[in-house]
Novice: 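First, the structure itself, so that you have it in front of you.
Predicted model only: the values in this text are computed from it and were never measured. Within every chain, numbering begins at 1; the chains are lettered A, B, ... in the order of the sequence lines, protein sequences first and strands thereafter. Any value given below was found using the heavy atoms of this structure, including those in side chains, with hydrogens, waters and symmetry copies removed.
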Amino acid sequence: MNIFVAKLNFKTTSEELLAIFEQFGEVTSAKVIMDKLTNRSKGFGFVEMPDETQAYAAINELNESEVDGRTIVVKKARPKEDSGYDNRGGGGGGYRSRDRY
DNA sequence: GTTGAGCGC
C-alpha cells in the first residue's frame with residue numbers, strides 16, 4: 001500500500017517518516033521527497049506498507065496528526081491503474097463512502 | 001534566511 005504524506009515540515013526527513021509509520025506496522029520503505037536543487041524537503045513524502053490493514057490503521061492514526069510541529073496529511077497514494085471498473089474502495093486518494101457497508 | 005494543498009527518479 002503506497003501512502004502519500006503531505007504538508008510535512010521542511011526539516012522532516014525520511015527517517016522520521018519511517019520511525020513514525022513503523023510504529024503502526026511494517027514499513028517497506030519510507031521516503032521524503034526533496035528538491036534536487038536546494039536539497040530541501042518538498043513537504044511531502046511516500047510510505048510503502050505491505051500490510052493494508054496496518055497501512056489503513058497508520059493512515060487513520062497519522063492523518064492530520066502533529067508531526068515535527070506540523071499537522072500532516074496522510075492519504076492513499078495516487079492510483080496507478082485506471083481500469084475503469086468501479087474501484088469504490090480501490091483508493092482514489094479521496095474519501096470513501098462510509099455509508100456503504 | 002524563506003514557503004505550504006500536495007503525488008516520488
Novice: Going from NZ on A/Lys75 to CD1 on A/Ile3, what distance comes out if it is rounded to the nearest 0.5 angstrom?
Specialist: 13.0 Å
Novice: Give the rounded distance in Å between these two atoms: NZ of A/Lys75 and C1' of B/dG6.
Specialist: 7 Å
Novice: Tell me if a side-chain donor or acceptor on A/Ser41 pairs with a main-chain N or O of A/Lys11 at a distance below 3.5 Å.
Specialist: no
Novice: Does A/Phe44 stack onto the base of B/dG6, taking stacking as ring centres under 5.5 Å apart and planes under 30° apart?
Specialist: no
Novice: Is the glycosidic angle of B/dG6 within 90° of 0, making it syn, or outside that range, making it anti?
Specialist: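 Syn, which is what one calls it when the glycosidic angle falls within 90° of 0.
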Novice: Under the rule for side chain to side chain donor-acceptor pair (under 3.5 Å), what residues qualify as partners of A/Ser65, not counting sequence neighbours?
Specialist: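 With sequence neighbours excluded, A/Ser65 shows a side chain to side chain donor-acceptor pair (under 3.5 Å) to no residue whatsoever.
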Novice: How long is the line joining CZ of A/Phe46 and C1' of B/dC9, in whole Å?
Specialist: 12 Å
Novice: Identify, between A/Arg70 and A/Met34, the residue whose nearest nucleotide on DNA chain B lies closer to the 5' end.
Specialist: A/Arg70
Novice: Side chain to side chain donor-acceptor pair (under 3.5 Å) with A/Asn39: which residues, sequence neighbours excluded?
Specialist: none
Novice: Output the single nucleotide from B/dC9, B/dT2, B/dG6 whose closest atom is nearest the side chain of A/Arg40.
Specialist: B/dT2
Novice: Measure from the side-chain heavy atoms of A/Arg78 and tell me the nearest of B/dC7, B/dC9, B/dG6.
Specialist: B/dC7
Novice: Please determine, for the side chain of A/Ile33, which listed nucleotide (B/dT2, B/dG8, B/dA5) has the closest atom?
Specialist: B/dG8
Novice: Measure from the side chain of A/Phe10, starting at C-beta and using heavy atoms only, and say which of B/dG4, B/dC7, B/dG8 lies closest.
Specialist: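 My answer, after comparing the listed nucleotides, is B/dG4.
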Novice: Nearest of B/dA5, B/dC9, B/dC7 to any side-chain atom of A/Phe4?
Specialist: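 The nucleotide sitting nearest to the side chain is B/dC7.
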Novice: Quick one: A/Lys11 NZ to B/dG4 P, roughly how many Å, whole number?
Specialist: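 The answer, rounded to whole Å, is 18 Å.
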Novice: In whole angstroms, how far is the C1' atom of B/dG6 from the CD atom of A/Glu64?
Specialist: 14 Å
Novice: Less than 3.5 Å between a donor and an acceptor, one on the side chain of A/Lys42 and one on the base of B/dG8, is that the case here?
Specialist: no
